[in-house]
There are 2 protein chains.
Amino acid sequence: MQKQLQLQERPNGLPDEHTFSTKEIEIGSPNDNELLVKTLYLSVDPYMRGRMSDAKSYIAPFELNQAISGGSIAEVIESNVSSIPKGTIVSGLLPFQEYVVVKPDQVRTLEMHGAPISAALGALGMPGLTAYFGLDDIGKPKEGETVVISGAAGAVGSIAGQLARLKGARAVGIVGSQEKVDFLVNELGFSAAINYKEDNMEEALKQACPDGIDVYFENVGGEVSDHIWPLLNPLARIPVCGAISAYNLKKGEKDSGPRVQTYLVKTRARMQGFLYGDYADQYEKAYSELSEYVKNKEIVFKETILDGFDRIPEAFNGLFTGKNIGKQLVKISDPS
Amino acid sequence: MQKQLQLQERPNGLPDEHTFSTKEIEIGSPNDNELLVKTLYLSVDPYMRGRMSDAKSYIAPFELNQAISGGSIAEVIESNVSSIPKGTIVSGLLPFQEYVVVKPDQVRTLEMHGAPISAALGALGMPGLTAYFGLDDIGKPKEGETVVISGAAGAVGSIAGQLARLKGARAVGIVGSQEKVDFLVNELGFSAAINYKEDNMEEALKQACPDGIDVYFENVGGEVSDHIWPLLNPLARIPVCGAISAYNLKKGEKDSGPRVQTYLVKTRARMQGFLYGDYADQYEKAYSELSEYVKNKEIVFKETILDGFDRIPEAFNGLFTGKNIGKQLVKISDPS
């Protein structure tokens with residue numbers, strides 16, 4: 001028997017003790033052309049909150065009393081697929097359980113080029129690709145420009161800031177603690193960082209962005225971002241990756257603030273939602289650039305890892321309460 | 001002597017009797033390589049409200065106790081420029097006065113291909129180009145898509161809707177009177193029109209857009225647009241041309257509503273301010289297409305014309321109180 005994490009109740013606000021339930025299910029065994037994999041790491045990501053509600057979005061909601069699924073790294077422990085031998089490390093979007101029977105097209109074999117396998121869920125996985133395409137297609141930072149990143153210590157934001165820096169732009173991060181401020185400036189090479197919980201946002205932004213804001217990489221939404229609009233430069237670009245501050249609003253709570261239209265008109269700014277999956281035809285280029293940066297230590301990545309299947313809910317909620325620095329992972333087991 | 005319209009006081013809210021003053025000034029006479037032109041039509045446009053405040057924008061504020069300027073059509077009545085003979089009809093961004101001494105590079109000679117000269121301030125001028133580039137570069141309506149236009153009976157909106165229709169899209173207009181609803185549906189070929197002052201916006205939009213909204217051509221901002229975001233389709237495009245509802249807010253009044261970020265994330269929609277002047281390298285293509293449509297009556301345009309220099313303030317304020325259908329002009333004098 002093994003554990004599986006199910007969605008028991010759709011949360012109203014932040015997930016609580018009624019949201020998830022852990023069920024004991026059978027491990028199952030692989031048929032022809034199937035693999036049995038053992039989960040090593042699971043990824044918790046803010047977008048998963050959207051799947052816990054039943055609102056229409058770009059990805060289907062999780063079903064009640066079914067497994068939650070998400071980014072996963074696993075080891076093949078039984079193989080009926082000749083091209084993927086036992087011992088292969090794979091990743092995929094898999095149900096959150098300790099063992100999974102999969103078809104070969106549900107996973108990809110990891111080639112880490114020296115990086116730890118967990119990076120396949122962070123800098124060299126969905127978050128890294130998200131940062132990459134948000135900047136490459138929408139943000140387009142140029143040398144000397146100012147790029148502000150909210151949620152800048154998170155899995156996506158920390159990579160986005162470093163990619164902006166590598167393009168010769170000034171990266172300015174917005175985060176929620178002094179520890180994160182120090183991390184951005186001292187370890188990731190951000191030009192400045194602001195603690196929105198302590199600093200006067202209006203003054204701090206003006207000081208950190210004396211030449212205005214050319215790119216705003218949006219991860220958080222809410223009041224933090226309301227302070228950005230008045231500082232936008234002409235032809236500014238705003239890749240909208242997420243709006244984490246609004247994901248846990250309770251029914252009836254409103255996400256309201258200054259409307260953006262007059263700012264967009266005055267600056268001819270472009271504000272655009274995006275999804276890394278829309279750029280599947282460019283994954284190879286992105287992986288290869290990101291891998292090279294990681295190998296050369298031009299991009300530093302950090303992980304916050306909780307240990308044990310039972311800590312998935314705690315890890316997930318930590319994303320919304322500022323607990324993680326870098327990529328939040330849950331370690332399920334060691335490789336054989 | 002002649003009349004000149006000056007900015008006397010920066011308005012707080014809608015311009016009032018203190019905002020403008022009419023001064024008597026000398027007519028002046030042209031030097032070498034100059035022209036004396038007589039004003040025939042003046043254009044009043046919503047963007048001019050922005051120039052009456054001293055806030056930073058894409059175009060410099062009007063100066064106090066100096067002439068207001070704007071789109072103008074004029075006749076050359078004295079010429080010291082061999083290539084532009086007396087009697088030529090020209091247009092340009094000129095001070096609002098009855099006669100102006102200009103250099104030849106301040107004006108362009110009109111070639112109307114059979115259209116009335118006033119069209120050079122509307123369908124075949126700045127408003128037409130604005131509609132054209134907003135759709136051509138950002139909106140990109142495709143056959144069968146639903147394009148919603150706010151301010152749809154105005155100078156820009158009425159052209160935008162017709163251009164969308166000519167691309168095979170369904171044009172749905174939002175306006176503020178039954179007369180305008182009828183105008184859009186019966187004269188301009190819109191598929192549907194909504195009166196935001198009478199209709200229940202949420203229900204009316206759902207009914208007019210059963211397949212959701214692919215393009216929202218934004219002219220008005222405010223509460224009207226708040227109803228658009230929940231109906232956006234994946235990969236929707238939102239050219240933000242203006243936000244007229246917010247132009248006359250008084251000091252301290254807030255333009256607040258639902259934040260757009262979560263909608264943009266869910267749909268990967270693109271929302272972008274733009275200015276026709278950024279597309280100067282494509283004017284020829286745009287003029288030629290628009291002229292052809294007008295000539296073939298595939299685009300119908302309407303004008304609301306007030307008569308007399310003293311009616312400029314009334315014409316201007318009418319833009320914000322829904323008085324005009326189509327392009328609002330002020331006629332100053334007849335051609336010789």
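A note on names: the letters A, B, ... follow the listed sequences, proteins ahead of strands, and every chain is numbered from 1.
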If we ignore hydrogens and angles and just use 3.5 Å, is the side chain of B:R268 paired with the main-chain N or O of A:G273 as donor and acceptor? no
Heavy-atom proximity to chain A below 4.5 Å, by part of B:Y247: side chain
Near A:K323 NZ, under 6.0 Å, is it more than 12 heavy atoms from other residues, nucleotides or ligands? no
What's the shortest heavy-atom distance between B:A243 and A:T262, and which atoms? CB-CG2, 3.9 Å
A:K266 NZ: over 12 foreign heavy atoms closer than 6.0 Å: yes
Over 12 foreign heavy atoms within 6.0 Å of NZ, B:K206: no
Option in A:Q272, A:K254, A:R259 with maximal non-hydrogen atom pairs under 4.5 Å from chain B: A:R259
Is chain B contacted by the side chain of A:P258, its backbone, both, or neither, given a heavy-atom distance below 4.5 Å? both
Does B:E202 CD have over 12 foreign heavy atoms under 6.0 Å away? no
How far apart are the closest heavy atoms of B:Q261 and A:G221, and which atoms are they? NE2-CA, 3.7 Å
Options A:G257, A:A55, A:A269, A:G50, ranked by heavy-atom pairs under 4.5 Å with chain B, top entry: A:G257
Is B:I59 in contact with chain A via its backbone, its side chain, both, or neither, using a 4.5 Å heavy-atom distance? neither
Qualifying residue for side chain to side chain contact (heavy atoms under 4.5 Å, CB included) with A:V260, from B:D255, B:V260, B:L264: B:V260
Given the options B:L235, B:T267, B:D278, which has more heavy-atom pairs under 4.5 Å with chain A than any of the others? B:D278
Within a 6.0 Å radius of atom CD on B:E223, are there more than 12 heavy atoms belonging to other residues, nucleotides or ligands? no
Of the backbone (N, CA, C, O) and the side chain (C-beta and beyond), which part of A:I138 lies under 4.5 Å from a heavy atom of chain B, both, or neither? neither
Go through the atoms of A:Y58 and report whether side chain, backbone, both or neither lie under 4.5 Å from a heavy atom of chain B. both
